[in-house]
Amino acid sequence: MNGRRALAAAGGAAAALLGVGAGELAAAVIAPASGPFAVIGGALIDAAPAWAKDTAIAWFGTSDKAALLTGIAVALLAVSAVAGLCEARWRRTGIVAFAAMGLAVGGLSLTRADATEISWAPSLLAGFAAAGALRLLRDRLPEPAPIAQAEPHQAGPSEIPAPSRRRFLVWAGGTAAVGIALAIASTAARAGSAAVANVRKAVRLPRPATPGPAIPAGAELDVPGITKLITPNSEFYRIDTALVVPTVDPASWKLRIHGMVAREVELSWDELLRLPMTETTATLSCVSNEVGGDLVGNAAWLGVPIRELLARAKPSSGADMVLSTSVDGFTAGTPLETLTDDRDALLAIGMNGEPLSFEHGFPVRMVVPGLYGYVSATKWVTDLEVTRFDRATAYWTERGWSARGPIKLESRIDVPRAGRTLAAGETAIAGIAWQPHVGVAAVEVRIDDGPWRRATLAPAISNDTWVQWSLPWVADAGRHEIRCRAIARDGTVQTGEIAPPAPDGATGWHTIPVTVNG
Ligand SMILES: Nc1nc2c(c(=O)[nH]1)N[C@H]1C(S)=C(S)[C@@H](COP(=O)(O)O)O[C@H]1N2
Ligand SMILES: [Mo]
């Protein structure tokens, strides 16, 4: 690539930075979820089939969003460099391309579930600002020095004289710097949701009318490295489709219960807080959790039993599903019976004694013991439609996942860590096992081709929570394979049949290799 083309490409990228910076800042001020990145990323997430979600989580874990944003940034810079090249070669083509991209993303923003009347504005602004910047830079793109003037061994025939090259780079660098400054300002302006953060800090959780189960003595085993019985909020896995975490002001929050009901119910935050609260401890798992994976957590939830609210609305006899919707358009389809039976299905406001964090659904989310999150645990929930499975489909069901998602019987080895080398002699094998709302009766461990041996099961907090287990082991030198399986309280033995997460949850025995030094 000769010098001028490199400059033209750099100019395109710089113009794009300016545009994106302007667009993100505008979004931060008028509607956080309408920034060009949020719109493109959100659309990509929604368009992604089941296997893509799985691959993204498998590769990047809970950093999948950062990976996606990085990918978009790289693609955008590449396209912009090409636009810069085109502009240098064929006037106005790059400018038109940027404007068209702005229009396209602006149009896309209107298809988003959380679109407002002005969602198109930030992306359009981004496109037009980039187009304007490109025009300005194109006019400053230096021409190659005439061949006659070039010193043969200093500069090639098509090279740019150093001073005009430098002048262009100053302009392009300045444009890029302004773009980056605007982008930084946008993160600061987004902290304008700091107002809602203060509201959250001021929330005083009511005391539960029905307190949660006590933690029985001995429920937390004294084995270094075992999973904590209660997952601290900061360590609780986060999975959702929201590129920009919704910041919902409780003052404007409302829940509507409608559909196949005798009467519609509407509930404000203040009304919700006045209702008797139940506390319950429940293990929540993501359907994307691999065998041995860590997309699972256990917390004490505080909220109003959903059955109480549904009782007010009086579902019709033909209904069998509740479609819950969040502010950002995510939906989950939950079997009606799991929301009306005696389990503690909650409209939750508290997690481990604190108001929900924004990431985990502030101000209000659902938690249904026994069901994977994708069919039950709607965060930032604002709408419950009583309906039927043959009439409504939820977000992940549309993308190939099973309509129903009871959490499967699972067990995991925490200690020793997979692949670890340990010293021969006495040691402990330990981990956790769960099947929320069924409960775990036993865990068995097998070393190499040996017999299945019963582990010691710690007392469970309840059938809705995971349980810790451990087994002493006298390890002899060599390489070993350790596997575990759980037995549920209904007698089911955890299957060794290997299944991937899609469409309704992974199965198989967690199996780890260890090396024992003699
Ligand atoms: N609004 C909203 N709620 C959602 C989701 C989502 O994408 N959007 N994902 C669900 C899924 S797939 C899971 S596993 C749980 C995870 O809850 P957590 O992030 O609090 O652990 O939230 C559920 N609730
Ligand atoms: Mo999930």
Side-chain angles (χ1 to χ4, degrees), residues 33 38 41-42 44-46 48 50 53-54 56-58 61-65 68 112-114 230-248 253 255 282-290 293-301 303 322-334 345-352 354-384 394-408 410 434 436 500-506:
L44 285 175
I45 291 173
D46 288 352
K53 177 201 185 194
D54 244 34
I57 290 176
T62 46
S63 308
D64 53 346
K65 292 190 180 73
L68 175 66
R112 309 293 306 144
D114 46 0
I230 301 283
T231 314
N233 292 352
S234 59
E235 291 168 28
F236 207 98
Y237 79 94
R238 173 191 164 202
I239 290 288
D240 55 59
T241 61
L243 265 183
V244 177
V245 176
T247 46
V248 179
W253 179 86
L255 179 79
T283 296
L284 177 62
S285 170
C286 183
V287 67
S288 296
N289 195 38
E290 302 273 356
D294 56 8
L295 300 178
V296 55
N298 189 44
W301 308 95
V322 171
L323 187 74
S324 51
T325 307
S326 69
V327 285
D328 65 343
F330 170 87
T331 53
T334 312
L346 297 183
L347 198 61
I349 60 168
M351 183 176 182
N352 292 332
E354 284 173 27
L356 295 173
S357 64
F358 290 107
E359 286 80 5
H360 292 293
F362 181 82
V364 183
R365 76 174 302 169
M366 286 173 52
V367 177
V368 183
L371 302 185
Y372 285 122
Y374 82 108
V375 292
S376 69
T378 305
K379 305 189 272 191
W380 318 289
V381 65
T382 54
D383 191 284
L384 302 182
Y395 188 93
W396 285 112
T397 314
E398 279 159 17
R399 289 159 180 80
W401 295 75
S402 171
R404 297 181 190 253
I407 297 180
K408 293 180 178 174
E410 278 293 341
W434 65 92
D504 63 355

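Whatever order the structure lists ligands and atoms in, that order sets their numbers, starting from 1.
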Which protein N or O atoms sit under 3.5 Å from any N or O of ligand 1? Give each pair with its distance.
residue: ligand 1; atom: 1 (N); partner: S326; partner atom: OG; Å: 3.2
residue: ligand 1; atom: 1 (N); partner: K379; partner atom: O; Å: 3.1
residue: ligand 1; atom: 3 (N); partner: K379; partner atom: N; Å: 3.0
residue: ligand 1; atom: 7 (O); partner: T241; partner atom: N; Å: 2.8
residue: ligand 1; atom: 9 (N); partner: I239; partner atom: O; Å: 3.4
residue: ligand 1; atom: 17 (O); partner: R365; partner atom: NH2; Å: 3.1
residue: ligand 1; atom: 19 (O); partner: I239; partner atom: N; Å: 3.1
residue: ligand 1; atom: 19 (O); partner: K379; partner atom: NZ; Å: 2.5
residue: ligand 1; atom: 20 (O); partner: H360; partner atom: ND1; Å: 2.6
residue: ligand 1; atom: 20 (O); partner: R365; partner atom: NH1; Å: 2.7
residue: ligand 1; atom: 20 (O); partner: R365; partner atom: NH2; Å: 3.4
residue: ligand 1; atom: 21 (O); partner: Y237; partner atom: O; Å: 2.6
residue: ligand 1; atom: 24 (N); partner: A377; partner atom: O; Å: 3.0

Below 3.5 Å, can you tabulate the donor-acceptor pairs from side chains in residues 355-371 to any protein atom, sequence neighbours excluded?
residue: S357; atom: OG; partner: H360; partner atom: N; Å: 3.2
residue: R365; atom: NH1; partner: H360; partner atom: O; Å: 3.2
residue: R365; atom: NH2; partner: A377; partner atom: O; Å: 3.1

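- A side-chain donor-acceptor contact under 3.5 Å links N298 and T283.
- Judged purely by atom type and a 3.5 angstrom limit, W396 has no side-chain atom pairing as donor or acceptor with the backbone of A394.
- Sorted by first then second residue, the side chain to side chain donor-acceptor pair (under 3.5 Å) pairs that include residues 369-381, not counting sequence neighbours, are D240-K379, S324-T378.
- Note that CG of D383 and CG of L255 are 7.0 Å apart. Values are rounded to the nearest 0.5 Å.
- With sequence neighbours excluded, the residues satisfying side chain to side chain contact (heavy atoms under 4.5 Å, CB included) with A506 are V291, P501.
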